[in-house]
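So the structure is just underneath, and the comments pick up after that.
Predicted model only: the values in this text are computed from it and were never measured.
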Amino acid sequence: MRLSKWILAAIIAFPGSIARAADLNLFAWSEYVPQEVIDGFTKQTGINVHYETYASNEEMVSKLLAGASKYDLIQPSDYMAEALIKKHKLAAIDWSQVPNIKNIADEFRHLPGDPHDEFTVPWMTGTVGIVVNTDRVKDPIHGYNDVFQDKFKSRIVVVNDSRELVSWALSTLHLPINNITEANLEQTRPILTRWVKLIRVFDSDSPKTALLNGDVDLGIVWSGEAALCWNQSHKFQYILPNEGAHRFIDLLAIPANAPHKSEAQQFMNYILRPEVSKLISDKFPYTNPNAAARKLLTKEQLENPASYPKDDQKLDLFRDIGKQSSAIDRLVTEVKSAG
């Protein structure tokens with residue numbers, strides 16, 4: 001009884017000392033959330049961030065749809081957010097709690113998958129393009145067909161992403177990258193069969209590593225990875241493929257059954273601060289959709305050809321393709337196994 005009275009007295013006198021610390025369970029891409037951003041958020045809010053990573057949208061959704069309810073904040077790409085919205089798997093955002101959304105540039109608002117800006121906050125955007133080590137490759141490289149040549153066998157790294165691979169093959173056939181039909185997939189099969197035999201490394205987490213280590217001379221990678229290569233040496237040239245280039249927009253979203261929605265919205269608002277968003281660009285130099293943050297970037301950052309390509313080539317977004325994503329996975333699995 002004495003102990004109970006002591007505890008009660010302590011709660012009355014020091015309510016904050018007994019209360020359990022708030023938590024935020026973040027499920028996001030690997031090598032994409034700077035530790036200093038997490039630390040700064042915790043220092044300001046007292047909210048502890050538990051950061052778990054994934055290597056593909058499909059891996060993230062698989063865990064989410066399997067019934068995992070522990071995640072408060074996820075980081076889907078645009079097309080995957082569109083699919084989750086259709087399945088009613090995302091919670092609507094209370095924008096009164098996220099006023100810093102005003103900092104996002106207009107071109108990244110009202111995206112096709114979330115036209116009314118109800119469920120998503122842009123985190124970072126970029127392209128998927130070609131990196132060439134110009135010290136080792138003297139041939140002109142303009143597109144996918146230039147990369148996938150027999151003479152470059154075992155000198156190529158690509159992202160380990162089935163939909164990306166198929167989209168490149170579709171582009172070489174001048175077919176829309178979102179028109180995933182059985183007939184179109186069969187047309188890509190012989191192309192992919194030839195390509196996989198030439199690829200040395202499949203790596204979505206850190207494709208820059210093989211390039212920087214000199215293990216490969218060419219890559220088809222995320223633009224932020226290419227930008228890091230450029231920062232280390234300007235011998236790494238970045239090229240948007242002339243057959244067609246993919247722009248991705250990675251987002252923050254709250255699962256419908258998230259246990260800590262308020263904390264998730266606080267994190268959203270925090271990362272939209274210009275000075276915080278700049279920290280993300282400093283560490284991971286993708287294209288920043290935060291117009292206010294871009295004003296804080298250096299001339300060198302804005303002139304990185306991978307972060308902010310000067311090419312005016314048309315960029316295509318992936319759209320939700322429903323069950324056809326399984327057909328893509330089957331095709332690529334079969335092709336890799338045969339290779």
Side-chain angles (χ1 to χ4, degrees), residues 54-62 65 76-87 112-113 126-131 141-204 207 216 218-223 239-249 313-339:
Y54 53 83
S56 71
N57 278 289
E58 289 70 25
E59 178 188 348
M60 179 271 293
V61 168
S62 177
L65 298 186
S77 295
D78 40 22
Y79 73 95
M80 196 56 77
E82 179 181 6
L84 291 170
I85 290 169
K86 289 178 181 178
K87 294 177 183 293
T127 52
V128 181
I130 300 166
V131 177
I141 304 294
H142 301 292
Y144 305 115
N145 285 324
D146 296 325
V147 172
F148 293 111
Q149 299 186 66
D150 290 342
K151 61 184 172 181
F152 296 136
K153 183 176 181 179
S154 297
R155 298 168 63 187
I156 304 167
V157 59
V158 303
V159 295
N160 191 21
D161 187 296
S162 296
R163 186 160 182 189
E164 286 291 347
L165 283 165
V166 168
S167 74
W168 307 340
L170 288 170
S171 293
T172 66
L173 294 168
H174 307 290
L175 294 171
I177 62 174
N178 290 303
N179 188 8
I180 309 300
T181 65
E182 183 178 343
N184 285 351
L185 287 179
E186 280 306 307
Q187 288 190 68
T188 69
R189 184 184 292 272
I191 298 171
L192 296 172
T193 298
R194 182 173 63 84
W195 285 0
V196 298
K197 295 175 182 177
L198 305 176
I199 296 167
R200 179 169 180 173
V201 182
F202 290 90
D203 185 352
S204 286
V216 298
L218 301 106
I220 306 179
V221 306
W222 320 120
S223 57
I239 299 153
L240 291 177
N242 59 7
E243 298 99 338
H246 168 218
R247 168 190 268 180
F248 58 86
I249 303 174
Q313 180 176 331
K314 180 178 179 293
L315 302 173
D316 290 317
L317 295 174
F318 282 172
R319 298 298 306 274
D320 172 39
I321 54 172
K323 295 181 179 179
Q324 288 302 96
S325 60
S326 297
I328 287 177
D329 290 338
R330 283 195 303 272
L331 169 63
V332 174
T333 298
E334 290 168 6
V335 167
K336 285 182 176 180
S337 298

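Judged by distance alone, with hydrogens and angles left aside, the side-chain atoms of S62 form no donor-acceptor pair with the main-chain N or O of E59 at under 3.5 Å. Using a distance-only test at 3.5 Å, with no hydrogens or angles considered, no donor-acceptor pair links the side chain of E182 to the main chain of A327. Side chain of D320 to main chain of E82: no donor-acceptor pair is present (N/O by atom type, distance under 3.5 Å, no hydrogens or angles).
Note that CG of N145 and OG of S171 are 10.5 Å apart. Values are rounded to the nearest 0.5 Å. Atom NE2 of H174 is separated from atom CD of E243 by 7.5 Å, given to the nearest 0.5 angstrom. To the nearest 0.5 Å, atom CD1 of residue I177 and atom CZ of residue F318 are 5.0 Å apart. Between H246 atom NE2 and W222 atom CH2 the span is 8.0 Å, to the nearest 0.5 Å. Of the inter-residue distances, the one linking N57 atom CG with M80 atom CE reads 4.5 Å to the nearest 0.5 angstrom. Going from atom OH of Y144 over to atom OG1 of T172 covers 9.0 Å, rounded to the nearest 0.5 Å.
Under a cut-off of 6.0 angstrom, the local environment of NZ in K87 is sparse, with at most 12 non-hydrogen atoms contributed by other residues, nucleotides or ligands.
Looking at every heavy atom in both residues, A55 comes nearest to S204 through O-CB, 3.9 Å. In plain terms, the two heavy atoms of P241 and G129 that are nearest each other are CD-CA, 4.0 Å. Closest approach of H142 to D146, counting heavy atoms only: N-OD2, 2.7 Å. The two residues G322 and S325 have their closest heavy-atom pair at O-OG, 3.0 Å. The two residues G126 and S223 have their closest heavy-atom pair at CA-OG, 3.4 Å. Taking both residues in full, the closest heavy atoms of T127 and F248 are given as O-CE2, 3.4 Å, listed atom of the first, atom of the second, then distance.
Residues L198 and D150 are in side-chain contact: their nearest non-hydrogen atoms beyond the backbone lie under 4.5 Å apart. Using a 4.5 Å heavy-atom cutoff, the side chains of I156 and V216 are not in contact. Taking 4.5 Å as the limit, every side-chain heavy atom of Y79 sits out of range of all side-chain heavy atoms of I321. Counting only heavy atoms from C-beta outward, the side chains of W168 and V147 never approach each other to under 4.5 Å. Residues P207 and V201 have side chains not in contact (no heavy-atom distance under 4.5 Å, counting atoms from C-beta outward). Side chains of D203 and N160 form no contact here, defined as non-hydrogen atoms less than 4.5 Å apart. A 4.5 Å side-chain heavy-atom check between L315 and L240 finds at least one atom pair inside the cut-off. With contacts defined as side-chain heavy-atom distances shorter than 4.5 Å, the pair W195/T188 does not qualify.
Listed by chain and number, the residues in a side chain to side chain contact (heavy atoms under 4.5 Å, CB included) with N184 are L170, L175, N179, T181, Q187 (sequence neighbours excluded). Checked against side chain to side chain contact (heavy atoms under 4.5 Å, CB included), P112 has the following partners two or more places apart in sequence or in another chain: L317, R319.
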Start with the C-alpha distance between F202 and V159, add both sets of side-chain angles, then the distance that settles side-chain contact (heavy atoms from CB on, under 4.5 Å), and finish with yes or no. CA-CA 6 Å; F202 290 90; V159 295; over 6 Å; no
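Between E58 and R163 no salt bridge is recorded (no basic side-chain N to carboxylate O distance below 4.0 Å). With salt bridges taken as basic N to acidic carboxylate O contacts below 4.0 Å, none links E334 and R330.
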